[in-house]
2 protein chains.
Amino acid sequence: MREERYINKIVQFYRERKRMPSYGEIMKLLGFASKSPAFKFVQKLIDQEILKKDRNGRLLPSRLFYSVRVLGAVEAGWPSPAEEELLDTMTLDEYLISNKEATFMLTVNGDSMKDAGIIAGDLVLVERADKAKDGDIVVAEVDSNWTMKYLRKRGKQVYLEPANSKYKKIFPKEDLKISAVVKAVIRKY
Amino acid sequence: MREERYINKIVQFYRERKRMPSYGEIMKLLGFASKSPAFKFVQKLIDQEILKKDRNGRLLPSRLFYSVRVLGAVEAGWPSPAEEELLDTMTLDEYLISNKEATFMLTVNGDSMKDAGIIAGDLVLVERADKAKDGDIVVAEVDSNWTMKYLRKRGKQVYLEPANSKYKKIFPKEDLKISAVVKAVIRKY
DNA sequence: ATTGAAGGAGAACGAACGTTCTCTTATAGT
DNA sequence: ACTATAAGAGAACGTTCGTTCTCCTTCAAT
């Protein structure tokens, strides 16, 4: 379909130039000799709510422009082309990062959180915080060592628990300073 | 420092409006009454290579505008404010997705890949492919069942291996159709 | 007290912008 | 073949854009 090819060209422009094209640029992109077909085409997309505009008339990138298509579960297999239209899409940054200023990434060493699915080499997205809930995975300083473990609260007793039976729970002798809470784990192959 | 506050305002604008501000908008953003201070300020940032411009003179978002700061390993603890400047930054989408058209996300059921750090509820980023290397984690259709396992090639023998001793290797009776290769695993808490 | 540099105000420029209009051409249905 | 509709060309509009220039103020160094 022609409409799809056109949209793809615009998406491609956005990915390369990191901004939406102007009508003049869309004109060149789609091979028109004047701006009005470009304008009409964009207007159609806006009517279909595929695109939106600024209050200044500038185009806004929609989900289409950065997102990954989300399929169902592995077991469900691959969707047919007919189903494909219904797929949700999302951008990883928006999905994973709620508070950019306080978010950092750390790399993981060791296997002490293995049973929680966190293994050496993984990246963890953490958000700075000095408090955390029971059961959260936290980055903390205990007796002047840095570590990442489950936080456990049992009444007034607070301790850290690894997710690997090879390691023991850590009961802080002096103090336990939580410095971040793990919000996400990312592993790239 | 004032310069930092200014940059933050611009970053904030970009995060809200999904595009870079014009000089007029920067002027309002930073509280100037004319455009030239805004122009001079931006020029300074460009000289410092903090920002860049289009060939049309438009501002381009730099890494600053979407990225997460990357710290070292967990054990290293938190960097001091002095070190903080040296931190690398990155955007997750760019880091994880190389070929947007062929990339999809799936949700994981079951614990058959547990020892590979992939557990139920995780999101896997997969890239469509009908071939894969020995040792890759693949999404495949074996004897009309969909599954995600390690791909093993031993001479002409090709089979799937779970990452959990509770499960057995899968030797395809009829055919094994690889449909995607796992590129990344994402878990959100 | 004088000077120099920097920061900001304000006006001005051509270029590019979004938008709208009319006119021509191509297309599809009958 | 005729007609209604859509698609595109082209010109034109007011606005906003990036950019540059001159002038005024502020403030620190001498």
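Chain letters run A, B, ... following the sequence lines, proteins first, then strands; residues in each count from 1.
- Heavy atoms from other residues, nucleotides or ligands lying under 6.0 Å from NZ of B/Lys52 number 12 at most.
- Qualifying side-chain contact (heavy atoms from CB on, under 4.5 Å) partners for B/Asn145, counting only residues two or more places apart in sequence or in other chains: none.
- Within residues 10-20 of chain B, no residue has a heavy atom under 4.0 Å from DNA chain C.
- When DNA chain C is scanned 5' to 3' for any atom under 4.0 Å from a heavy atom of chain A, the first and last hits are C/dC17 to C/dC21.
- If you measure from atom OH of A/Tyr23 to atom P of D/dA9, you get 17 Å, rounded to the nearest angstrom.
- Contact annotation: side chain of A/Lys35 to base of D/dG10, donor-acceptor pair absent below 3.5 Å.
- A cation-pi arrangement is present between B/Arg152 and B/Tyr150 under the rule of less than 6.0 angstrom and at most 45 degrees off the ring axis.
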Using residues 175-183 of chain A as the side-chain source, report each donor-acceptor pair under 3.5 Å to any protein atom, sequence neighbours left out, with the distance given to one decimal.
residue, atom, partner, partner atom, Å
A/Ser179, OG, A/Val139, O, 3.3

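- Summary for the helix from C/dG14-D/dC17 to C/dT30-D/dA1: the axes at its two ends, each from 5 pairs, differ by 30° when rounded to the nearest 10 degrees.
- In this structure, the CE atom of B/Met27 is 12 Å from the P atom of D/dG18, given to the nearest Å.
- Following rounding to the nearest Å, A/Phe41 (CZ) and D/dA9 (P) show an atom-to-atom distance of 15 Å.
- A/Lys166 pairs by the side-chain contact (heavy atoms from CB on, under 4.5 Å) definition with A/Asp111, A/Asn164, not counting sequence neighbours.
- Partners of A/Asp115 by side-chain contact (heavy atoms from CB on, under 4.5 Å), not counting sequence neighbours, listed by chain and number: A/Ala163.
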Run the side-chain donor-acceptor check on residues 32-44 of chain A: report pairs under 3.5 Å with partners two or more places apart or on a different chain.
none

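- The environment of CD in A/Gln48 is crowded: more than 12 heavy-atom neighbours from other residues, nucleotides or ligands sit within 6.0 Å.
- Nucleotide D/dT15 holds its P atom 18 Å from the CG atom of A/Asp54, rounded to whole Å.
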Could you list all N or O pairs between the protein and nucleotides 4-8 of chain D that sit under 3.5 Å apart?
residue, atom, partner, partner atom, Å
D/dG8, OP1, A/Arg2, NH1, 3.3
D/dG8, N7, A/Lys40, NZ, 3.4
D/dG8, O6, A/Lys40, NZ, 3.4

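- Residue pairs meeting the ring-ring contact (aromatic ring centres under 6.0 Å, His included) criterion with at least one member in residues 164-189 of chain A, sequence neighbours excluded, are A/Tyr159-A/Phe171.
- Annotation: salt bridge (Lys or Arg N to Asp or Glu O under 4.0 Å) contacts of A/Lys133 (sequence neighbours excluded): A/Asp136.
- More than 12 non-hydrogen atoms from other residues, nucleotides or ligands lie less than 6.0 angstrom from CD of B/Gln157.
- Under a cutoff of 6.0 Å and an axis angle of 45°, A/Arg17 and A/Tyr14 do not form a cation-pi pair.
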Contacts under 3.5 angstrom, residues 18-30 of chain A side chains, donor-acceptor by atom type, not counting sequence neighbours:
residue, atom, partner, partner atom, Å
A/Lys18, NZ, B/Glu94, OE2, 2.7
A/Arg19, NE, B/Asp54, OD2, 2.7
A/Arg19, NH1, A/Glu25, OE1, 3.2
A/Arg19, NH2, A/Glu25, OE2, 3.0
A/Arg19, NH2, B/Asp54, OD2, 2.9
A/Ser22, OG, A/Glu25, N, 3.3
A/Ser22, OG, A/Glu25, OE1, 3.3
A/Tyr23, OH, A/Lys53, NZ, 2.9
A/Glu25, OE1, A/Ser22, N, 2.7
A/Glu25, OE2, B/Asn56, ND2, 3.4

